[in-house]
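Working notes, beginning with the structure itself.
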Amino acid sequence: MLAGWALTLAAYWPGFAMYDTLMQYRQVLSGRFDDWHPPVMARLWQALAPLGGGQAPLFVAQVTLYWLGFALLALPLARGGRVRAALALGAVAILPPFLGWQVAVLKDAQMTGALLAAVGVIGGARLAGRRPAGAEWSGAAALLLYAVLVRANAVFAVAPLVAMLLPLRWRARTALALGGIVATIALSPIVNHRLLGASDSGVARTQPIYDLAAIAVRAPGAVTGLSAMAVAHIRARGCVKPFFWDPLSDSGPCGGDVAPLAHMPMTRLDLLWAQAIASHPLAYGAHRLAHLNSTDRWLVPWRWPGAAPTIRSERNDLGLRSPGTIARMLQCFGGYVVETPLGWPFVWIGLALAGLVALDGEAVLARALFVSALAGEASFAVVSIASDLRYHLWMMIATAIGLVIGWPAFDRRRLRIGLGLMASACIPAVVARIALPFPPLTYAGMLG
């Protein structure tokens, strides 16, 4: 694990800077923050800036947390005689769909690193046969809090994870998880705006706008706050896309059509959103299922965009460099691997379900990881506006770790049945990748 950490830093230095990275770094340099990108990540970047310029400090932080999490889980396994399981965790850590995205300085990699380290601290103690100490819980709590603040969807994975790790009954666990989700959703804007000093960018409007535009297109005459002319234009331009919401953004081809929603008071927009969903559940459901299929990459064409790890940093005038030739070669290899089932989120969802059903006995940590993965993925059915593979990074890694550490506790018959059902779901996925026409390979192509 130490070698993996050192080689990752050496091969991928100073980390990849993507578009979101640049936008966040501009905020760090200017000292003016908004909540479109997580202000807690910008504040951490600002605090680490004296240690080095550019993206390097955050790159080191997320890579260190990533490998630390795996190491803290592998060490007690090896000490307990499960050497092959410990080695399997090392193999999981270097899988291109995982490591290839972990070296991009993004909120998704920050969240994954924090969650992995927290699970390593608590799970490592459990695998060693002891209860975590108070200091370990405190450190894990700080990491989990950062994960929740750095990624909006993270709470749907973090709250169930915490509930499953605590020695509670199922009703108490359910109440704790739901209460944690509600409290986080309510308190996050206060933390972001008042404590972290970020201005309101309107990011909370993206989900209602995406869903309202889709309902308007699928259910003619629906009351969505959009004029008939705007709906006709949105439909004619094909701006409601399962892949992402971007055509409806301010700079998108239909940004002007949804401008009334973008400037509507938030309480009124939320009410309109809820009323439209209640009045047209079939249109809403069809839209959400189409997006879920896109983001989980089930019935999609080959090379569906947003999966391959980036091979170079975004061009910029901020001095954020790209890693060298070795990193580009590794990322190119990762681009091929993500086109296999290893890069298909729906496969990992199936594996998590199979693992959860097949667990027999305690296996507290494995069960917690499976529940966290599935709960986080379930949130994408309601709260998601884009289809990038990196959004599923935690779910896939948590599932892989759960399979490794939970292996002795599996009922083999139930596991075989679950894996068989998952494999059968791959058949139409392969057919879709063969039969469907290739998608555009550029952002502009997908936008048009």
Side-chain angles (χ1 to χ4, degrees), residues 15-49 54-66 101-118 140-159 161 180-181 183-207 244-246 249 266 306 310 314 318 320 372 376 379-380 383-386 388-395:
F16 290 99
M18 299 182 66
Y19 178 81
D20 288 357
T21 320
L22 303 186
M23 296 300 101
Q24 195 125 40
Y25 192 51
R26 292 186 189 279
Q27 294 185 17
V28 172
L29 295 177
S30 67
R32 295 188 297 272
F33 306 96
D34 63 45
D35 63 354
W36 192 275
H37 302 290
V40 69
M41 179 176 166
R43 289 295 187 181
L44 176 63
W45 201 340
Q46 191 178 50
L48 296 178
Q55 71 269 41
L58 282 190
F59 167 69
V60 173
Q62 67 192 41
V63 167
T64 300
L65 291 174
Y66 179 82
W101 279 110
Q102 190 62 27
V103 294
V105 180
L106 296 165
K107 58 188 176 183
D108 312 281
Q110 290 275 304
M111 166 193 152
T112 300
L115 276 175
L116 266 173
L143 290 165
L144 293 172
L145 177 61
Y146 180 73
V148 164
L149 291 174
V150 84
R151 187 76 175 85
N153 279 55
V155 65
F156 298 103
V158 172
L161 176 69
I181 291 171
T184 301
I185 292 174
L187 295 175
S188 289
I190 298 174
V191 173
N192 287 335
H193 299 153
R194 297 184 184 179
L195 295 182
L196 297 176
S199 61
D200 185 359
S201 65
V203 67
R205 301 173 183 275
T206 56
Q207 189 69 59
F244 59 178
W245 91 290
D246 291 37
S249 65
M266 197 65 215
T310 186
E314 190 89 9
L318 302 174
L320 303 186
S372 173
S379 72
F380 285 90
V383 186
S384 177
I385 58 172
D388 293 37
L389 182 65
R390 57 190 169 97
Y391 301 151
H392 305 274
L393 197 57
W394 166 247
M395 180 275 295

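Owing to the predicted nature of the structure, the values given are computational and were not obtained by experimental measurement. Residues take their numbers from the sequence shown, with the count starting at 1.
Judged purely by atom type and a 3.5 angstrom limit, Gln207 uses its side chain to pair as donor or acceptor with the backbone of Ser384. Judged purely by atom type and a 3.5 angstrom limit, Ser249 uses its side chain to pair as donor or acceptor with the backbone of Asp246. A donor-acceptor distance shorter than 3.5 angstrom exists from the side chain of Thr206 to the backbone of Val203, with no hydrogens or angles considered. The backbone N or O of Gln62 lies less than 3.5 Å from a partner atom in the side chain of Gln102, making a donor-acceptor pair.
Here the closest non-hydrogen pair linking Pro38 and Val150 is CG-O, 3.3 Å. Smallest separation of non-hydrogen atoms from Ser201 and Trp36: OG-N, 3.1 Å. Of all non-hydrogen atoms in Thr21 and Val105, the two that sit nearest each other are OG1-O, 2.7 Å. When all heavy atoms are compared, the tightest approach of Gly180 to Thr184 is O-OG1, 2.7 Å. Heavy-atom minimum distance, Met18 versus Ala104: SD-CB, 4.1 Å. Pairing each heavy atom of Ala147 with each of Ala114, the nearest pair is CB-CB, 4.1 Å.
Taking 4.5 Å as the limit, every side-chain heavy atom of Leu44 sits out of range of all side-chain heavy atoms of Val40. The shortest side-chain heavy-atom distance between Leu144 and Leu115 falls under the 4.5 Å cut-off.
Each salt bridge (charged side-chain N to carboxylate O under 4.0 Å, His left out) pair with one or both residues in residues 22-43, not counting sequence neighbours, appears once here: Arg26-Asp317.
Cation-pi contact between Arg151 and Tyr391: present, with separation from the ring centre below 6.0 Å and deviation from the ring axis of at most 45°.
Tested against Tyr25, the residues Tyr19, Phe33, Trp45 include a single ring pair (Phe, Tyr, Trp, His ring centres under 6.0 Å) partner, Trp45.
Legend: residues meeting side chain to side chain contact (heavy atoms under 4.5 Å, CB included) with Asp20, ordered by chain and number and at least two apart, are His37, Leu106, Arg390.
Note that CG of Asp108 and CH2 of Trp101 are 8.5 Å apart. Values are rounded to the nearest 0.5 Å.
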